[in-house]
Amino acid sequence: MASYRIDGDEVRASLTGAAGDAGRGRSIVLNRSEGACLLCHSLPPSELGAEPFMGNLAPSLAGVGSRMTAGQLRLRMIDSTRINSATIMPAYYRIEGLNQVALAYRGKPVLSAEQIEDVVAYLRQLK
Amino acid sequence: MERRVPGSEQMNWLRAALLAALISSCAVISSAEDRAIPLNQLRSGSEFLSPELRALQADAFANPGMLWVERGAKLWSTPAGSAGQSCASCHQDAAKTMRGVAASYPRVDAKSGFLLNVEARINQCRSERQAVAPFRYESDDLLSLTAYVNSFSKDYKINVVIDGNAETYFEAGRTLYYRRSGQMNLSCAQCHEENWGKNLYAERISQGHPNAYPAYRMEWQSMGSLERRLRACLSGVRAEMLPYGAQEYRNLALFLAWRAQGLPMESPGIRR
């Protein structure tokens, strides 16, 4: 696990030290077994591709790139409970303090540091 | 409403009536506060189905769960074990002796102090009274007998005991219900209390009630127990699935039944 520093509501530095790949980020967001973000969020129809279903228990990700800095997006991806302790949004880069994690996933974050950066790069493009 | 009624006889009568109404409405209010979801907001999982599936559940001839119920009826009077005893040898006609029974499960077995669901009670009869091996969890035999017993509670309101020797089980179930688990770090309550009625992808989240089970799920193309459904929720949040029969599931099932207290039983239900 890469270490990171929280400043206010941001993690300013890239977890990998490099910029992410927005194209890969998009497929992580759409993919049901990777980000599974559309379980809860919606996207503008132009972004949807082959994935026809979107959940509606979280705010739309449309325009999130103009509402938030890369640092703000990164912290929300890493661990949304840092912003709202009661949130339903999973922590995508956290392995501590979880209960009864299935063996296959134990000790692993939902997304790797590279994948977090890819998703952040993609979300920044959603203007 | 303030009304002056002349004559003290009548006045006293009115006071007494108002007082009684006040007391009973307080009782309603306090039990509503005890509940996770107020009685008038309880929604069975069937309310979240398409009209077609709801009609399928209601039609006893078309409901595929009835195949298991019929099989259960045969098993009920099939002798097992060296003493040649069937369920009917002890319990006679299930239509009389099992009426409404499943609506009070899970319940504590007074003798052993264990919390039993209907499946566990059936297996207890098998090992203690028939002296044969218990049925395997999710076997057609166990699902069929459970569905058969539960069918005599159809439309009976769930009514479980949570105090006395049930209290520890109940509290353990409640704790699990509100605890986040799995890599996705979600609790049962975050989906079924905070977000019911909303969509995960295209699937509408219900209040997560146990009244349909054992239920025929389209996704399974088969009958399955409540535990099977709970395992699906656990696996969805990437939590470790407990083995069938685990105490945790029964504790959860007791908490779920209490949350659904007053909701009519539907087994054999149809679910997506």
Side-chain angles (χ1 to χ4, degrees), chain A residues 1 29-43 45 48-61 76-112 115-116, chain B residues 36 43 48 50 172-208 218-219 227-244 246-252 255 272:
Chain A
M1 296 289 285
V29 167
L30 291 178
N31 189 297
R32 288 194 177 212
S33 55
E34 290 184 296
C37 312
L38 303 189
L39 203 56
C40 302
H41 289 278
S42 55
L43 277 175
L48 275 183
E51 172 58 64
F53 297 119
M54 300 183 284
N56 66 359
L57 47 78
S60 167
L61 293 175
R76 279 152 186 83
M77 289 301 302
I78 292 173
D79 187 355
S80 238
T81 65
R82 300 284 195 143
I83 313 286
N84 166 13
S85 64
T87 189
I88 188 171
M89 172 148 162
Y92 281 91
Y93 197 71
R94 166 178 156 190
I95 56 174
E96 311 279 296
L98 306 176
N99 300 310
Q100 206 187 317
V101 177
L103 206 53
Y105 301 104
R106 213 168 291 164
K108 300 175 193 137
V110 183
L111 297 177
S112 68
Q115 288 175 312
I116 297 283
Chain B
R43 302 275 178 278
F48 299 80
S50 65
R174 189 211 297 267
T175 302
L176 262 187
Y177 192 85
Y178 290 103
R179 192 192 72 165
R180 289 172 181 258
S181 66
Q183 193 192 37
M184 295 299 186
N185 202 30
L186 294 173
S187 71
C188 315
Q190 285 183 290
C191 283
H192 294 293
E193 268 169 27
E194 295 167 20
N195 286 292
W196 64 266
K198 297 194 189 148
N199 288 2
L200 277 180
Y201 286 127
E203 184 160 34
R204 253 182 111 205
I205 309 175
S206 75
Q207 295 178 344
M218 306 315 274
E219 190 192 323
E227 289 192 20
R228 184 165 176 195
R229 175 63 245 188
L230 297 185
R231 287 162 69 91
C233 288
L234 288 174
S235 119
V237 301
R238 301 186 174 174
E240 189 184 6
M241 282 189 278
L242 306 163
Y244 278 105
Q247 185 65 48
E248 286 86 341
Y249 290 134
R250 294 211 200 138
N251 299 341
L252 256 182
F255 181 73
R272 281 174 317 231

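Letters go in sequence order (proteins before strands), and every chain restarts at 1. Excluded from the calculations below are hydrogen atoms, water molecules and symmetry mates; all remaining heavy atoms, backbone and side chain alike, are included. As the structure is a prediction and not an experimental result, all values here were calculated from the model.
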Across all chains, not counting sequence neighbours, the side chain to side chain donor-acceptor pair (under 3.5 Å) partners of B/Arg174 are B/Glu171
Counting only non-hydrogen atoms closer than 4.5 Å, does A/Leu38 touch chain B with its backbone (N, CA, C, O), its side chain (CB onward), both, or neither?
both
With a 4.5 angstrom heavy-atom cut-off, which part of A/Ala104 approaches chain B: side chain, backbone, both or neither?
neither
Non-hydrogen atoms of A/Val101 and B/Gly182 that approach each other most closely:
CG2-C, 3.8 Å
Write out all chain B-chain A donor-acceptor pairs shorter than 3.5 Å, or none if the list is empty.
residue  : atom : partner  : partner atom : Å
B/Arg179 : NH2  : A/Gln100 : OE1          : 2.6
B/Arg180 : O    : A/Asn99  : ND2          : 2.7
B/Arg180 : NH1  : A/Thr87  : O            : 3.3
B/Arg180 : NH2  : A/Ser85  : O            : 3.1
B/Arg180 : NH2  : A/Thr87  : O            : 2.7
B/Gly182 : N    : A/Asn99  : O            : 2.7
B/Gln183 : NE2  : A/Lys108 : O            : 2.9
B/Gln183 : NE2  : A/Pro109 : O            : 3.4
B/Gln190 : NE2  : A/Ala86  : O            : 3.3
B/Gln190 : NE2  : A/Thr87  : O            : 3.0
B/Asn199 : N    : A/Asn56  : OD1          : 2.6
B/Asn199 : O    : A/Asn56  : N            : 3.0
B/Tyr201 : N    : A/Leu39  : O            : 2.9
B/Arg238 : O    : A/Ala102 : N            : 3.0
B/Arg238 : NH2  : A/Ser33  : O            : 3.2
B/Glu240 : N    : A/Gln100 : O            : 2.7
B/Glu240 : O    : A/Gln100 : NE2          : 2.9

Name the region of B/Leu200, side chain, backbone, both or neither, that has any atom closer than 4.5 Å to a heavy atom of chain A.
both
